[in-house]
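Throughout, residue positions are numbered sequentially from 1 according to the sequence presented. Since the model is a prediction, treat every value here as computed from it, not as a measurement.
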Amino acid sequence: MTDDKKRHIAMMALPYLAVLIGLYLFRSAWISILLYHLGIMLFLLSGRPKAVWQRLFDGWSHGPGLAAALLCAGCGPIIALLWGRVAIAPQELTSALAGFGLSGADWWLFAAYYVIPHPILEELFWRGPDFTRSRGLIFADVAFGGYHLLVLLQFLHLFWACVSVVVLILVAWLWRRIAARYQGLAIPIISHAAAALSTMAAVYFLSRN
């Protein structure tokens, strides 16, 4: 096995290990996301060309960008509408979040962190390397969606967690195609942030009702 292939496998395994250690071993959302982001930073600083960082603000187009952001922002209302049907314990979201260290000020700090740095780092990590023009799904798309299953299983029934993963795989494919089409990460980052903000708003609403 070549060094590049070993590095690629290690990259794909990173979020899975971070979630397993953070959520399942330490029951801490903060440990999970910080381990994940630390690994991303190490990969980006050690093996990514400067051009990847320069592409961070490239590729914006008003029409497609706004359309992608609005589409992704719809995930929050969908979560709120379906929560009572898809969640394992719909009325216990507040206690479930607290069990992972997300209550009070920690919840607000985590929400802000999830909405701002998280989309930037994830897009650099998953869509930044080469903007592959493959029209079909690639392993990175599946790996991106797949790691979310470990998180979703803490809150959703297995069937709905799997449905969510399929949607995330398709979204990963879409973001990758957009990054390749417009030669930049601006649209994926903004629409990813819109999805994150919408999701956090839905979680806040559900945890208070």
Note to self: With a sphere of 6.0 Å drawn around OH of Tyr24, does it hold more than 12 non-hydrogen atoms of other residues, nucleotides or ligands?
What the structure shows: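 Counting other residues, nucleotides and ligands, OH of Tyr24 exceeds 12 neighbours.
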
**Report entry** Arg208 atom CZ, neighbour heavy-atom count above 12 within 6.0 Å
**Finding:** yes

Taking all heavy atoms of [X] and all of [Y], pick out the closest pair and write down the distance.
X      : Y      : result
Leu149 : Ala161 : CD1-CB, 3.7 Å
Ile187 : Ala68  : CG2-CB, 3.9 Å
Gly22  : Ile31  : CA-CG2, 3.9 Å
Met12  : Ala143 : SD-CB, 3.8 Å
Leu156 : Ala87  : CD2-CA, 4.1 Å
Ala186 : Gly59  : CB-C, 4.2 Å

Does any non-hydrogen side-chain atom of [Y] lie less than 4.5 Å from one of [X]?
X      : Y      : result
Cys72  : Ser198 : no
Val86  : Val163 : no
Ile138 : Arg176 : yes
Leu14  : Ile40  : yes
Phe155 : Trp83  : yes
Pro119 : Val115 : no
Leu174 : Leu170 : no
Ile21  : Leu35  : yes

> Does the pair Leu25 and Leu20 meet the rule for a side chain to side chain contact (heavy atoms under 4.5 Å, CB included), with working shown?
Replying inline: CA-CA 6 Å; Leu25 182 59; Leu20 287 172; over 6 Å; no

Do [X] and [Y] belong to the same hydrophobic cluster, where Ile, Leu, Val, Met, Phe, Trp and Tyr are linked whenever their side-chain heavy atoms lie under 4.5 Å apart, directly or via other members?
X      : Y      : result
Leu124 : Ile116 : yes
Leu17  : Leu42  : no
Ile120 : Leu34  : yes
Val166 : Phe159 : no
Ile78  : Val165 : yes

Measuring from atom [atom1] of [X] to atom [atom2] of [Y], what distance do you get when rounded to the nearest 0.5 angstrom?
X      : Y      : atom1 : atom2 : value
Leu150 : Leu23  : CG    : CG    : 8.5 Å
Leu152 : Leu158 : CG    : CG    : 10.5 Å
Ser103 : Leu97  : OG    : CG    : 9.0 Å
Met11  : Leu44  : CE    : CG    : 7.5 Å
Ile190 : Glu123 : CD1   : CD    : 10.5 Å
His192 : Trp175 : NE2   : CH2   : 4.5 Å

Give the ring-plane orientation class for Tyr147 versus Trp126, where under 30° counts as parallel, over 60° as perpendicular and anything between as tilted. parallel

*Do the ring planes of Phe144 and His148 sit parallel (below 30°), tilted (30 to 60°) or perpendicular (above 60°)?*
perpendicular

Option from Trp107, Phe110, Phe100 for which ring-ring contact (aromatic ring centres under 6.0 Å, His included) with Trp30 holds
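Exactly one option meets the ring-ring contact (aromatic ring centres under 6.0 Å, His included) with Trp30, and it is Phe110.
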
### Task
Could you tell me whether a side-chain N or O of Ser61 sits under 3.5 Å from a main-chain N or O of Pro64, the two making a donor and an acceptor?
no

Next on the checklist: Tell me whether Thr94 contacts the main-chain N or O of Ser207 through its side chain, where contact means a donor paired with an acceptor under 3.5 Å.
Outcome noted: yes

message = Quick one, Met41 with Leu121, criterion side chain to side chain contact (heavy atoms under 4.5 Å, CB included). Give me CA distance, side-chain angles, the key distance, then yes/no.
response = CA-CA 8 Å; Met41 291 301 297; Leu121 290 172; 3.5 Å; yes

Residues at least two apart in sequence or cross-chain that pass ring pair (Phe, Tyr, Trp, His ring centres under 6.0 Å) with Trp108, listed by chain then number, are Tyr204

